[in-house]
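Worksheet: one structure, shown below.
A, B, ... follow the sequence lines: proteins, then strands. Residue 1 opens every chain. Keep in mind the model is a prediction, meaning the values are calculated, not measured.
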Number of protein chains: 2
Amino acid sequence: MATIYEVSKLAGVSLATVSRVINKNPRVSDKTRQKVLDAMAELGYRPNSIAQSLASNISNSVGILVSELHGPFFGQMMAGIESELRAAGKHVIITTGHSEEDKEKDGIEFLISRNCDAIILHVEAVSDAYLIDLCKGKMPVYFMSRLVEGLNDHCISLDNELGGYLATQSVIAQGHSTIAYIAGPQFKADAKDRLAGHKRALAESNIPFSDTLYFEGDFKETGGSDGLNHFLESKQEFSALICANDEMASGAITYARERGFSLPKDLSIIGFDNIIFARHTYPKLTTIDNPVNLMGTMAAKLVLKNIYKQKNMSITHSFEPTLITRDSLICKS
Amino acid sequence: MATIYEVSKLAGVSLATVSRVINKNPRVSDKTRQKVLDAMAELGYRPNSIAQSLASNISNSVGILVSELHGPFFGQMMAGIESELRAAGKHVIITTGHSEEDKEKDGIEFLISRNCDAIILHVEAVSDAYLIDLCKGKMPVYFMSRLVEGLNDHCISLDNELGGYLATQSVIAQGHSTIAYIAGPQFKADAKDRLAGHKRALAESNIPFSDTLYFEGDFKETGGSDGLNHFLESKQEFSALICANDEMASGAITYARERGFSLPKDLSIIGFDNIIFARHTYPKLTTIDNPVNLMGTMAAKLVLKNIYKQKNMSITHSFEPTLITRDSLICKS
DNA sequence: TTGTAGGCGTTATCAA
DNA sequence: TTGATAACGCCTACAA
């Protein structure tokens, strides 16, 4: 592979001049620039990004930590981040945390050791205190889908409490008053917030929150089936089921049918996140939209603005969920 | 951040010695090694991976190009690749090609300019000739889910023809003889192979292939609904529908119900890929399993073996699809 | 507008 | 077993 040195020789100019045209420094005469460009083309020259990084202390890469690489939620998020960053010539280094504290810390270490210019984290298991500490370090850190106290400027987050409220309010509006709730893992902030919103909506309508109609799931399909099974075993009456995410709602729908339910007549179900697949359940899932793709691009813009000093980036830190009405939630008969 | 130089000073040894302990070179006395280790700990030293890369010409990163970051198929694939590579201390740089020739080439360029040690490609739009040419270059290249003529050692692929055959054979075995087929985009090799398998099974049972029962979809949900709509409009009779992937099958299922079908009684449907969600359609989707996650780890192992010279890596280049029986395919009544 | 020279933090080749 | 010292390919004052 040709180096800057060979280009300079062929073009008959100095290293510095070649470097200038590579970096689009305007202080080069058009004539010289053309000579250099020609030489680069002739040699098939490509800058060595590693050497650039070492010399400039900028790696043009941003680290991303997500819980999982698969799954509709993270897919949308990564797609949003990557497309925005890629368009700016930055690349993403992606790793996973699997929602486990050790693995998340491990992943962060990994990213830091890779000399990213910044890292965007979707962490769930690690504590706020740890993150606050992390932010004191040299590596710029940003958070997706998580609001860390005192670090608002570093966060792109969804108002999960409002989403939880919206879901429950919609259910109540359809005349339901016996409502089961399958929550996400309560060590996850968004799961906790959604539950809080649920309780607020309940309280607002003077419906007591009942422990026997509450189940803590795992945010996966199994959480939905396990939860529903739990409620069914307990012989509680309920006409609606709220799931803290769409995967659990899918699991619940599938399981409900296995148990002989006719949906949505026998049971109304609402989800959360509006993953792509939500419109392909039967009945089509009524859910709360989580604009995670948009939030991904926003996180990327935040990095572009703060780290790479790009202008004209208007940042929205906080997003609001909205109700998506489909067929799985109907009036209580 | 501390450098190797500061460590050497604190430990009272030379740069070279510190470098040796970093690289686990055994030609260092235990005593010296300990001194160095202590110094590193005291300074919180972390090797600068960029400098390492520049000096050693190894970046410890492998580039991945997938069509999309979202979507159940690519999620599984990336998860497989990443977990295997990450365990070996390598990192992945992920970018997208969107199944468009220009963008795929662009992504490959991008990855090459990033000095990856190798790249793993899931490309669909680019020609075999281009890939063969690419392989002549300096960058080691591997292919996921695609068999390039003459580059078998570089490929991890699925026998799509067999999968297509299996699907159709299963449908025929259930007594169906009027069978509609929604294919994937025919510029994609796997879509073409699946169709070939379909035709072979048809021929084997002396069922003529009918153009009027063929539709070329887009591998997305819309392909399923569009295709089914097309067949319905054409007033053809058919008792079974084969979709070349699960997303299209989902779309078809949803659309069939909108058109008043009772599934699977009125229409049997089979998919391909066995994405996670396939068990949550209604009826649960009978499909062909595509072990893409496993194939991802295999691609990673291939790189680990060939590029990073890891031992004990047994490689399987070719995978076989299997039938997954659920509820969407039943006997012709 | 262009060139010179030092430095970025390691690895690797020789010697010792 | 250890230590000098020259790469690695590029950026960036500083000088001209």
- Message: Using a strict threshold of under 4.0 Å (side-chain N to carboxylate O), is an ion pair present between A:D106 and B:R86?
- Response: yes

- Query: Near B:N152 CG, under 6.0 Å, is it more than 12 heavy atoms from other residues, nucleotides or ligands?
  - Reply: yes

- Task: Using whole Å, report how far CG of A:N57 lies from C1' of D:dG9.
- Result: 16 Å

- For A:D117 and C:dC8, give me the distance from atom CG to atom P, rounded to whole Å. 18 Å

- OP1 or OP2 of D:dT2 less than 4.0 angstrom from a side-chain nitrogen or oxygen of B:T17, does that happen here? no

- Nucleotide by nucleotide, 5' to 3', does protein get under 4.0 Å of the base (B), only the sugar-phosphate (S), or neither (-) in nucleotides 9-16 of chain C, counting heavy atoms? BBBB----

- Measure the CG-OG distance between B:N23 and B:S56 for me, rounded to the nearest 0.5 Å. 8.5 Å

- Message: From NZ of A:K9 over to C1' of D:dG9, roughly how many Å is that when rounded to an integer?
- Response: 15 Å

- Can you pull the salt bridge (Lys or Arg N to Asp or Glu O under 4.0 Å) pairs that have at least one residue in residues 94-103 of chain B, sequence neighbours excluded? B:E100-B:K103, B:E101-B:K105

- Query: Angle, rounded to 10°, between the helical axes spanning five pairs at each terminus of the helix from C:dT1-D:dA16 to C:dA16-D:dT1?
  - Reply: 30°

- Kindly write out the residues that satisfy side chain to side chain contact (heavy atoms under 4.5 Å, CB included) with B:L15, not counting sequence neighbours, or none if the list is empty. B:I4, B:Y5, B:S8

- Item | Enclosure of B:N25 CG (heavy-atom neighbours >12, cutoff 6.0 Å) | yes

- Query: Does any residue of residues 26-43 of chain B have a heavy atom under 4.0 Å from DNA chain C, and if so, which ones, in number order?
  - Reply: none

- Message: Would B:K188 pass as a cation-pi partner of B:F219, given that its NZ or CZ must be under 6.0 Å from the six-membered ring centre and within 45 degrees of the axis?
- Response: no

- Can you tell me how far the SG atom of A:C155 sits from the CG atom of A:L131, to the nearest 0.5 Å? 8.5 Å

Distance-only donor-acceptor hits, side chain of residues 75-83 of chain B, under 3.5 Å, sequence neighbours excluded:
| from | atom 1 | to | atom 2 | distance (Å) |
| --- | --- | --- | --- | --- |
| B:Q76 | OE1 | B:N293 | ND2 | 3.4 |
| B:E82 | OE1 | A:T96 | OG1 | 3.2 |
| B:E82 | OE2 | A:T95 | OG1 | 2.9 |
| B:S83 | OG | B:A79 | O | 3.2 |
| B:S83 | OG | B:G80 | O | 3.3 |

- Using a strict 4.0 Å threshold on nitrogen-to-oxygen distance, state whether B:R46 and A:E109 make a salt bridge. yes

